[in-house]
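Structure, as structure tokens:
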Amino acid sequence: MPWGNKKDIAYELLRMDSLNRRAINYLVEAYGRNGPRDSIGILFNEIIRCNPDSPIPFIIRSTDRNARFERLTTTQQIDYLKKAHSLDSANVEAMYRLGKLYYELFMKVYNDDKDEPYLDYYSKSSIHYFSLLCEQDEDLKGTLKYPLIQLANYQKDNSKIKLFESYKLQSSYFPVSSFISLPNNWKTNYSVNVLEGRVNSKKEQSCKQFFKYNGVESAVFSINWYSKYLEAFDEPILCDYLPMKVFRFTYLRSFDQPIAIRIENSNDTITIYWKIFNGEYGYEFGENIESQSKKLTIEDWESIVNKISALKFWNLPTQENEILGTDGSQWILEGNVEGKYHVVDRWSGGIITSVCKALIKLTGLKIKEEDIY
């Protein structure tokens, strides 16, 4: 369909819903790629006129994608976000974007010119907005502690360093710290962008360090993604699950039903549980078509434990910087043995394949070998 026809549809959507993000984003891209670029400003001015009390137009306008098409400066993005914040001081998206933009300005300027007088302002501004978020929602402390600790170290503010390091809240299926991989000196290395898991230093980039790390945003993406399936399965949170020894394999496939398999040892009584949804991986959930369990022998348990030990599971990195395909599966293997917790996440199995296949076999599920991918 030609751009013109699609623009007509987008404008029709806006007539029905003046804050429709898909329509706005499409029109911004259409004008950004094909012109006239001035139409982007006219579009947003009209949306703001129709929604004078809403922060949403300012937030949408300031996103990296739309700012790039409109060729906004970072200062302009910040100004729009401050307007959004003034309209709704509790808006999480506006506060996070403000904290992140000031954080990125700090990183850029620090690595370009360490004597820049604005460094103090940028770091304090980032701390301000991230701290506001933590005050509003304590669940965010577990993730925002990373940039906050780093910025407090730059400020040499020991009281804030201690405060931010005390943020250890765990409110999800997985500890954020498990999915974050940063260099040992990240707290005082201001070349390391802990949010995006990359480095700004040209020297480190040339040493192929640019994509080496997993930052906060990548960790949150993975955790939210996997947690929605485990929550739908009504599975327990294993990192807090201490009364028994337990391992769980969460198997998320592109073309088949998601599966969760959990094996537990309670005083040498071994039970394996498995659950299957009829919704495909990446799509809406269907009904829970199978939720079963059965008793196993202590020999079955020891077989799994021996496979776990052979992998040196407890020392494996949670994630590796691997190239993910578009079609395949995510394999997440967790273990908690008397309070010792670990999780390993691999695309299409990798090193944990043998253990996970053994768990599938113990359930008795009839999955053909060629269908395990």
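We use all heavy atoms of the structure for the numbers below, so side chains are in, but hydrogens, waters and symmetry mates are not. Note that the structure is a prediction, hence the values are computed from the model and not measured.
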Subject >> Heavy-atom donor-acceptor pair, Y26 side chain to K6 backbone, under 3.5 Å >> reply: no

Subject >> Same apolar cluster: W314 and V305, side chain cutoff 4.5 Å >> reply: yes

**OP:** For salt bridge (Lys or Arg N to Asp or Glu O under 4.0 Å), just list the numbers for K100 and E217, CA-CA rounded to whole Å, side-chain angles, deciding distance to a tenth of an Å, and then say yes or no.
**Re:** CA-CA 11 Å; K100 184 177 179 181; E217 292 182 340; 2.9 Å; yes

**OP:** Dump the intermediate steps for salt bridge (Lys or Arg N to Asp or Glu O under 4.0 Å) on K124 and D120, then the final yes or no.
**Re:** CA-CA 6 Å; K124 285 183 176 178; D120 188 63; 3.3 Å; yes

Original post:
Can you tell me if S254 uses its side chain to pair, donor with acceptor, with the backbone of G328 under 3.5 Å?
Top reply: yes

**OP:** Take R248 and E235 through the test salt bridge (Lys or Arg N to Asp or Glu O under 4.0 Å) and record every step on the way to the result.
**Re:** CA-CA 10 Å; R248 178 169 61 207; E235 277 289 294; 3.1 Å; yes

Original post:
Going hydrophobic residue to hydrophobic residue with side-chain gaps under 4.5 angstrom, can you get from L333 over to I360?
Top reply: yes

**OP:** Say whether Y273 and W301 are linked into one hydrophobic cluster, either directly or through other cluster members, by side-chain heavy-atom distances under 4.5 angstrom.
**Re:** no

Original post:
Are Y373 and W347 an aromatic pair by the rule of ring centers under 6.0 Å?
Top reply: no

**OP:** Please report the shortest heavy-atom distance between A10 and A23, naming the atom on each side.
**Re:** O-CB, 3.5 Å

**OP:** Evaluate whether atom NZ of K294 has more than 12 neighbouring non-hydrogen atoms of other residues, nucleotides or ligands under 6.0 angstrom away.
**Re:** yes

Original post:
Would a 4.5 Å heavy-atom cut-off, applied to side chains only, mark E116 and Y110 as touching?
Top reply: no

**OP:** Using modelled atom types only, decide if a donor and an acceptor are shared between the side chain of D157 and the backbone of A152 within a distance under 3.5 Å.
**Re:** no

Original post:
Considering residues, nucleotides and ligands other than N267, do more than 12 of their heavy atoms fall under 6.0 Å from its CG?
Top reply: no

**OP:** Check T75, T74, T73 against Q77 for a side-chain contact (heavy atoms from CB on, under 4.5 Å) and give me the one that passes.
**Re:** T74

Original post:
Would you say the side chains of N111 and S191 form a donor-acceptor pair under 3.5 Å?
Top reply: yes

Subject >> Salt-bridge present (E231, K228; N to O < 4.0 Å) >> reply: no

**OP:** Compute whether any side-chain donor of one residue and acceptor of the other, for Y341 and E334, lie under 3.5 angstrom apart.
**Re:** yes

**OP:** Establish, from distance only, whether the side-chain atoms of S329 and W331 form a donor-acceptor pair under 3.5 Å.
**Re:** yes

Original post:
Do Y251 and C356 touch side chain to side chain, with heavy atoms closer than 4.5 Å?
Top reply: no

Subject >> Test side chain to side chain contact (heavy atoms under 4.5 Å, CB included) applied to V344 and H342, step by step >> reply: CA-CA 7 Å; V344 175; H342 190 51; 3.6 Å; yes

Subject >> For R65, all residues meeting salt bridge (charged side-chain N to carboxylate O under 4.0 Å, His left out), sequence neighbours excluded >> reply: E29

**OP:** Check whether the side chains of S222 and Q319 place a donor and an acceptor atom closer than 3.5 Å, and report yes or no.
**Re:** yes

Subject >> Aromatic centroids of H85 and Y129 separated by under 6.0 Å >> reply: yes

Original post:
Does the Q150 side chain pair with the main chain of V192, one donor and one acceptor, at a distance under 3.5 Å?
Top reply: yes

Subject >> hydrophobic_cluster_shared for L163 and V194, side chain cutoff 4.5 Å >> reply: yes

**OP:** Using atom types as modelled and distance alone, determine if a side-chain donor or acceptor of N66 lies under 3.5 Å from a backbone N or O of S62.
**Re:** no

**OP:** Look at E264 together with R262 and state whether they make a salt bridge at an N to O cut-off of under 4.0 Å.
**Re:** yes

Original post:
Within the side chain of T353, is there an N or O that forms a donor-acceptor pair under 3.5 Å with the backbone of G350?
Top reply: yes

Subject >> Heavy-atom donor-acceptor pair, N153 side chain to I149 backbone, under 3.5 Å >> reply: yes

**OP:** Using distance alone, with no hydrogens and no angle criterion, decide if Q330 and D345 have a side-chain donor and acceptor under 3.5 Å apart.
**Re:** yes

Original post:
Hey, what's the ring geometry for F130 with Y96, parallel, tilted or perpendicular (30° and 60° as the breaks)?
Top reply: tilted

**OP:** Applying side-chain contact (heavy atoms from CB on, under 4.5 Å), name anything that partners S54, two or more places apart in sequence or on another chain.
**Re:** L19, N51, I56, P57

Subject >> Main-chain N/O of K83 paired to S86 side chain as donor or acceptor, under 3.5 Å >> reply: yes

Original post:
Which pair of non-hydrogen atoms, one from T318 and one from V343, has the smallest distance, and what is that distance?
Top reply: OG1-O, 2.9 Å

Subject >> Closest heavy-atom pair and its distance - I60, R21 >> reply: CD1-CG, 3.5 Å

Original post:
Using the ring of each side chain (for Trp, its six-membered ring), is Y102 parallel, tilted or perpendicular to Y122, with breaks at 30° and 60°?
Top reply: tilted

Original post:
Cationic tip of K141 within the cone over Y167's six-membered ring, i.e. under 6.0 Å and within 45° of the normal?
Top reply: yes

Subject >> Worked verdict on R198 versus Y213 for side chain to side chain contact (heavy atoms under 4.5 Å, CB included) >> reply: CA-CA 6 Å; R198 60 180 172 84; Y213 309 115; over 6 Å; no

**OP:** Could you please spell out the steps behind the ring pair (Phe, Tyr, Trp, His ring centres under 6.0 Å) verdict for F179 and F174?
**Re:** CA-CA 8 Å; F179 284 82; F174 305 94; 5.6 Å; yes

Original post:
Hey, does the side chain of T143 reach the backbone of L140 with a donor-acceptor pair shorter than 3.5 angstrom?
Top reply: yes

Subject >> L13 and D17: CA distance, side-chain angles, deciding distance, side chain to side chain contact (heavy atoms under 4.5 Å, CB included) verdict >> reply: CA-CA 6 Å; L13 285 172; D17 173 10; over 6 Å; no

Original post:
Would a line drawn from the ring center of W186 to the ring center of Y146 be shorter than 6.0 Å?
Top reply: yes

Subject >> Pairing of R49 and E46 as salt bridge, 4.0 angstrom limit >> reply: yes

Original post:
Any ion pair linking E70 and R61 (charged N to carboxylate O, less than 4.0 Å)?
Top reply: yes

Subject >> Note, K162 side chain near K160 side chain (heavy atom, < 4.5 Å) >> reply: no

**OP:** Kindly determine whether I127 and Q155 satisfy side chain to side chain contact (heavy atoms under 4.5 Å, CB included), including the steps that lead there.
**Re:** CA-CA 10 Å; I127 288 174; Q155 290 285 329; 4.2 Å; yes

**OP:** Among V92, D64, I78, N91, find the residue that satisfies the side-chain contact (heavy atoms from CB on, under 4.5 Å) test when tested with R97.
**Re:** D64

**OP:** Establish, yes or no, whether a centroid distance under 6.0 Å links the rings of F277 and F233.
**Re:** yes

Original post:
Other than Y80, which residues form its hydrophobic cluster under the rule that side-chain heavy atoms must be closer than 4.5 Å?
Top reply: I48, F58, L72, L87

Subject >> Nearest atoms (heavy-atom pairs only) where S123 meets Y154 >> reply: OG-CD2, 3.8 Å

Subject >> Residue pair S291 / K275: nearest heavy atoms and the distance that separates them >> reply: OG-CG, 3.7 Å

Original post:
Stepwise, does the side chain to side chain donor-acceptor pair (under 3.5 Å) test hold for K295 with T271?
Top reply: CA-CA 5 Å; K295 298 299 182 183; T271 310; 3.0 Å; yes

**OP:** Compare every heavy atom of G99 with every heavy atom of S126, then report the nearest pair and how far apart it is.
**Re:** OG-O, 2.9 Å

Original post:
Judged by modelled atom types alone, do D300 and T297 share a side-chain donor-acceptor pair under 3.5 Å?
Top reply: yes

Original post:
Are Y118 and F106 connected in the hydrophobic side-chain network, where two residues link if heavy atoms are under 4.5 Å apart?
Top reply: yes

